[in-house]
Number of protein chains: 2
Amino acid sequence: MASLGDLERSVMDLLWDSAEPLTANDLRDDLAALGADAKELAVTTVLTVLARLEKKGLVERERSTRPHRYAACSSREDHTVGLLNEALGTAQDREAVLARFIGGITADEAASLRAILDSVKSA
Amino acid sequence: MASLGDLERSVMDLLWDSAEPLTANDLRDDLAALGADAKELAVTTVLTVLARLEKKGLVERERSTRPHRYAACSSREDHTVGLLNEALGTAQDREAVLARFIGGITADEAASLRAILDSVKSA
DNA sequence: AGACGATTTCGACAGCTTGTAGAAGTCAAG
DNA sequence: CTTGACTTCTACAAGCTGTCGAAATCGTCT
């Protein structure tokens with residue numbers, strides 16, 4: 001897959017949280033609002049990051065509208081699942097890892113996991 | 001955590017697979033044997049990588065013996081679990097991620113997951 | 001003690017990624 | 001056709017990783 005830098009990650013978070021595609025200017029403003037650190041990035045910086053994210057296959061751009069609009073290709077959850085599988089892929093004994101992993105999740109999560117497993121059992 | 005490069009990863013794999021701590025020369029030989037590509041790395045290369053892994057907190061070195069001996073700090077599984085939690089940590093709705101994740105694992109793994117959950121249920 | 005071989009430490013450098021942006025090109029509207 | 005917004009191109013500094021050579025060190029053999 002592709003690991004994300006801090007800024008790339010922030011941009012993806014904004015895109016994931018937005019129902020509509022966003023423009024580079026939207027993102028610049030949102031990023032400034034986020035940090036509240038008065039540190040406005042140059043628009044070109046945002047555009048560069050967006051271009052890189054596009055190359056990585058994480059965002060797609062609408063070139064039809066004049067200020068191009070950018071949207072995430074897949075949901076945040078799907079992306080995270082990809083990361084999980086990537087991490088698991090490097091382990092030969094997936095089950096041993098899963099066992100340890102289960103030990104670390106909360107009771108609530110364990111309960112919902114059980115529920116999920118049950119609902120999938122039919123398949 | 002710390003992501004690993006290809007060589008760093010190979011070294012960690014060897015250390016994880018070894019019951020005994022290994023020396024840089026052991027590792028150089030093992031690496032050459034692995035690739036079978038006749039490409040022997042310089043020992044200093046291996047030492048550099050080991051120093052970096054030590055700095056990252058992944059391996060510990062015995063300075064008491066003359067050829068220093070290196071061993072992994074934690075098991076491969078624990079490391080992988082760390083990666084999983086790191087990936088999950090960036091997601092707000094862990095359960096949505098877990099749900100999608102379950103959909104992608106094999107039936108066997110689902111079965112063992114169920115078993116693990118059951119065995120942990122008592123806690 | 002002195003020399004020698006094995007080991008380790010200290011830079012060093014190239015290539016890739018990420019953050020950051022200026023300069024220049026392009027496009028639509030007036 | 002001029003202007004202002006938007007995009008593309010190019011660039012550069014840091015940091016990470018692979019890869020070593022040169023130099024310092026350490027144990028040992030004579």
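In what follows, every chain begins at residue 1, and chains take the letters A, B, ... in the order their sequences are listed.
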Quiz item: Could you give the CZ-to-C1' distance, from A/Arg9 to C/dG19, as a whole number of Å?
Solution: 17 Å

Quiz prompt | N/O (side chain, A/His68) to phosphate O (OP1/OP2, D/dT7) under 4.0 Å | solution = yes

Quiz item: Within this structure, what is the CG-to-P distance between A/Leu50 and D/dT7, rounded to whole angstrom?
Solution: 10 Å

Self-check item: Qualifying salt bridge (charged side-chain N to carboxylate O under 4.0 Å, His left out) pairs, either residue in residues 19-35 of chain B, two or more places apart
Solution: B/Arg28-B/Glu40

Quiz item: What does nucleotides 19-30 of chain D look like as a protein-contact string, B for base, S for sugar-phosphate only, - for none, at under 4.0 angstrom between heavy atoms?
Solution: BBBB--BB----

Practice problem: Would you jot down, in residue-number order, the residues of residues 57-65 of chain A having a non-hydrogen atom under 4.0 Å from DNA chain D? | Solution: A/Arg61, A/Arg63

Quiz item: B/Leu47 CG to D/dG18 C1': how many Å, rounded?
Solution: 14 Å

Quiz item: Between D/dG18 atom P and B/Met12 atom CE, what is the distance in whole Å?
Solution: 13 Å

Practice problem: Could you tell me whether the phosphate oxygens of C/dA6, OP1 or OP2, come under 4.0 Å of any side-chain nitrogen or oxygen in B/Asn25? | Solution: no

Quiz prompt | salt bridge (Lys or Arg N to Asp or Glu O under 4.0 Å) against B/Glu77, all qualifying residues, sequence neighbours excluded | solution = none

Exercise. Would you give the length of the straight line joining atom CG of B/Leu84 to atom OG1 of A/Thr80, rounded to the nearest 0.5 angstrom?
Key: 12.0 Å

Quiz item: What's the NZ-C1' distance between B/Lys55 and C/dT8, to the nearest Å?
Solution: 15 Å

Self-check item: Which residues share a salt bridge (Lys or Arg N to Asp or Glu O under 4.0 Å) with A/Arg100, sequence neighbours left out
Solution: B/Asp78

Practice problem: Return the set of residues passing side chain to side chain contact (heavy atoms under 4.5 Å, CB included) with B/Ala99 (not counting sequence neighbours), or none when no residue passes. | Solution: A/Ile116

Quiz item: Is a salt bridge present between A/Asp13 and A/Arg9, judged by a nitrogen-to-oxygen distance below 4.0 Å?
Solution: yes

Quiz item: Looking only at atom types and distance, does a side-chain atom of B/Glu8 sit under 3.5 Å from a main-chain N or O of B/Gly5, one as donor and one as acceptor?
Solution: yes

Quiz prompt | D/dT17 phosphate, OP1 or OP2, under 4.0 Å from B/Lys56 side-chain N/O | solution = yes

Exercise. Could you state the atom-to-atom distance from CG of A/Leu53 to P of C/dT17 in whole Å?
Key: 14 Å

Would you tabulate the side-chain donor-acceptor contacts of residues 41-50 of chain A under 3.5 Å, counting partners in other chains and residues two or more places apart, or write 'none'?
residue: A/Thr48; atom: OG1; partner: A/Thr44; partner atom: O; Å: 2.9

Quiz item: Between CG of B/Leu88 and CG of A/Leu83, what distance do you get to the nearest 0.5 Å?
Solution: 9.5 Å

Practice problem: Please state how far atom CG in A/Asp6 lies from atom P in C/dT17, giving the value in whole angstrom units. | Solution: 17 Å

Practice problem: Nearest 0.5 Å please: distance from the CE atom of B/Met12 over to the CG atom of B/Leu7. | Solution: 12.0 Å

Check residues 58-65 of chain A and write down every donor-acceptor pair under 3.5 Å in which the side-chain atom is one partner and the other belongs to a residue at least two apart or another chain.
residue: A/Arg61; atom: NE; partner: A/Glu54; partner atom: OE1; Å: 3.2
residue: A/Arg61; atom: NH1; partner: A/His68; partner atom: ND1; Å: 3.3
residue: A/Arg61; atom: NH1; partner: A/Tyr70; partner atom: OH; Å: 3.1
residue: A/Arg61; atom: NH2; partner: A/Glu54; partner atom: OE1; Å: 2.8
residue: A/Thr65; atom: OG1; partner: A/Pro67; partner atom: O; Å: 2.9

Can you give me the N/O atom pairs linking the protein to nucleotides 1-3 of chain D at distances under 3.5 Å, or say none if there are none?
none

Self-check item: Between C1' of C/dT20 and CG of A/Leu27, the distance in whole Å
Solution: 16 Å

